[in-house]
Protein chains: 2
Amino acid sequence: MIRVLLADDEGMIRSALAALLRLEPDIDVVAECADGAEAVTTAERLKPDVCLLDLEMPHLDGVQVTEKLNRTLATRCVIVTRHARPGVLRRALASGAAGFLPKSRSADEVAAVIRRVAAGGRYVDPEIAADALSDERSPLTDRELDVLRAARHGQTTGQIARTLSLAPGTVRNHISTVLGKLAVGTRQQAVLLAEERGWI
Amino acid sequence: MIRVLLADDEGMIRSALAALLRLEPDIDVVAECADGAEAVTTAERLKPDVCLLDLEMPHLDGVQVTEKLNRTLATRCVIVTRHARPGVLRRALASGAAGFLPKSRSADEVAAVIRRVAAGGRYVDPEIAADALSDERSPLTDRELDVLRAARHGQTTGQIARTLSLAPGTVRNHISTVLGKLAVGTRQQAVLLAEERGWI
DNA sequence: CCGCATCCATGACATGTGTCATGCCGGTAG
DNA sequence: CTACCGGCATGACACATGTCATGGATGCGG
């Protein structure tokens, strides 16, 4: 019997997957969690064989949960996401995830992936994996990513500079190089593009 | 037998809901569609009793699909969405939707809502309905909304002015009043807030 | 050691952005 | 009719933003 923990902030898909997985004779859904923090504490208590984690969750996202769990437990983590981009896959695998499944795939495949991962194997969505090989790695430096992350919510250059302890001119310069690298004209477009590609 | 059409761009939740609904003895899932345009043409061909439509879909969103179908068919539409805000509910009901269900609700409720709607009733998520009564209507004028919509993808004032056939100064003025009404400092924050509240 | 490349940081300059005062138009109350 | 109000449009002004040239710090290969 494979003991599975489910975490997804969207109640409808969480309960739907739970109901479907309970129909499988060899799978036992032992917990359903609505956010990352809850997933971590529940996993540490119940020690499930497999954790099926949504990437986008409040407080801790799926990648962060995977990192934490891999330090302390033998649980195998599968990350599920709507935004299946090569950059996201890279982050997921770097965190130690054993599986990666975009939500564009059918729900039927979930049980198969869980069995494979529980048996010690790995599963990565073949389509995304192919994209990842045709390397779409972020051309941005660490600092540039910092600045872009800070710019996500429409803060002004001055505010960003203060939170990063920089001169305003430096922030502007980083933004400028980012705009050049991404071939866009405004920081807002840069943010949208970077989010799209899973770089921030 | 209630004949149901399902439309959601996320394959996993679409197939999961379909599988669960097929377990119900009185519900027949006659079609699964991945986008709004496909939903419209399929619905016109199959004339299902109830359409379960995701709000966020490519090409045509759930509200637009509902509008189109209500012109030509007797189909009852239920709109499902992750971003369940009063403004979204208002738009959905204005389009003629018979039901409104946020994805934060459990999948169990879907079948019940479908039965209720098929019987000629209406269903609106009580929590969101309560919020909608404590009126959070948009304080923005039509023109201001036009400008804000155009500003969504980080376009410059000049580009927005050209697409709306306005002087750049006018666009800036509209943006300025929007910033005042929403009590934010940049157009980017205004866009994020308006999206959050379902006003654009 | 010495280039050389890369990242980070900064300040001067042009351009775009937000604020303000103003005027036009259609609807409404007196 | 007149006065007034709200939405729409516009141009002048202060400020933030994007571009550029520059310099310091670190790491790598000759």
Side-chain angles (χ1 to χ4, degrees), chain A residues 87 90-91 94 135-200, chain B residues 87 90-91 94 135-200:
Chain A
R90 213 182 304 280
R91 287 223 326 267
D135 213 359
E136 202 187 357
R137 172 170 251 117
S138 166
L140 307 179
T141 77
D142 294 345
R143 213 61 177 145
E144 286 159 2
L145 286 173
D146 287 343
V147 172
L148 206 54
R149 261 187 286 269
R152 251 199 297 203
H153 303 301
Q155 291 172 305
T156 70
T157 306
Q159 294 170 317
I160 299 172
R162 223 163 301 127
T163 61
L164 295 182
S165 301
L166 287 179
T170 308
V171 173
R172 284 204 294 278
N173 190 19
H174 282 308
I175 296 270
S176 185
T177 61
V178 167
L179 298 184
K181 285 178 178 176
L182 302 188
V184 296
T186 69
R187 62 178 68 188
Q188 198 175 346
Q189 289 178 329
V191 167
L192 291 173
L193 193 62
E195 285 179 340
E196 174 84 0
R197 307 240 171 122
W199 292 340
I200 54 178
Chain B
R90 214 181 304 280
R91 287 221 331 265
D135 214 357
E136 202 188 355
R137 172 169 251 116
S138 165
L140 307 179
T141 77
D142 294 345
R143 214 62 178 139
E144 286 159 1
L145 286 172
D146 286 343
V147 172
L148 206 53
R149 263 187 284 271
R152 251 200 296 205
H153 303 301
Q155 290 171 305
T156 71
T157 306
Q159 294 170 317
I160 298 171
R162 222 163 303 126
T163 62
L164 295 182
S165 301
L166 287 179
T170 309
V171 173
R172 271 185 259 132
N173 190 18
H174 282 308
I175 295 270
S176 185
T177 60
V178 167
L179 299 184
K181 286 178 179 176
L182 302 188
V184 295
T186 69
R187 62 178 69 190
Q188 196 174 350
Q189 289 177 330
V191 167
L192 292 173
L193 192 62
E195 285 180 340
E196 174 84 3
R197 307 241 172 120
W199 292 340
I200 54 177

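Chain A is the first sequence line, chain B the second, and so forth, proteins listed ahead of strands; every chain is numbered from 1.
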Inset, instruction - Grab the two heavy atoms, one from Pro168(A) and one from Thr157(A), that are nearest each other, plus how far apart they are. - result: O-CG2, 3.5 Å
Legend entry - Between dC15(D) (C1') and Gln159(A) (CD): distance, integer Å: 14 Å
Inset, instruction - Could you check if a side-chain atom of Leu179(A) sits within less than 4.5 angstrom of a side-chain atom of Thr186(A), using non-hydrogen atoms only? - result: no
Inset, instruction - Please report, rounded to the nearest Å, how far the C1' atom of dT17(D) is from the CD1 atom of Ile160(A). - result: 11 Å
Legend entry - Phosphate-side-chain proximity, Thr170(A) and dC8(C), N/O vs OP1/OP2 below 4.0 Å: no
Legend entry - Glu144(A) side-chain N/O to Leu140(A) backbone N/O, donor-acceptor pair under 3.5 Å: no
Atom pairs under 3.5 Å, N or O on each side, protein against nucleotides 5-7 of chain C: can you list them with distances?
none

Inset, instruction - Find out whether Lys181(A) and Thr141(A) are in side-chain contact, i.e. whether some heavy atom of one side chain is under 4.5 Å from a heavy atom of the other. - result: yes
What are the atom names and distances for every N/O pair under 3.5 Å that joins the protein to nucleotides 18-21 of chain D?
from	atom 1	to	atom 2	distance (Å)
dG18(D)	OP1	Arg187(A)	N	3.4
dG18(D)	OP2	Arg187(A)	NE	2.9
dG18(D)	OP2	Arg187(A)	NH2	2.4
dG18(D)	N7	Arg172(A)	NE	3.2
dG18(D)	O6	Arg172(A)	NE	3.2
dT19(D)	OP2	Ser176(A)	OG	2.8

Inset, instruction - Taking the side chain as every heavy atom from C-beta outward, state whether Arg152(A) and Leu192(B) have any atom pair closer than 4.5 Å. - result: no
Inset, instruction - Mind calculating the distance between CD (Gln189(B)) and C1' (dA16(D)) to the nearest angstrom? - result: 14 Å
Legend entry - Side-chain heavy-atom pair Gln155(B), Val171(B) within 4.5 angstrom cut-off: no
Legend entry - pair Val191(A)-Gln188(B): side-chain heavy atoms closer than 4.5 Å: yes
Legend entry - Minimal non-hydrogen separation, Pro139(A) against Leu182(A), with atom names: CG-CD2, 4.4 Å
Legend entry - Separation of atom CD in Gln155(A) from atom C1' in dA16(D), rounded to whole Å: 15 Å
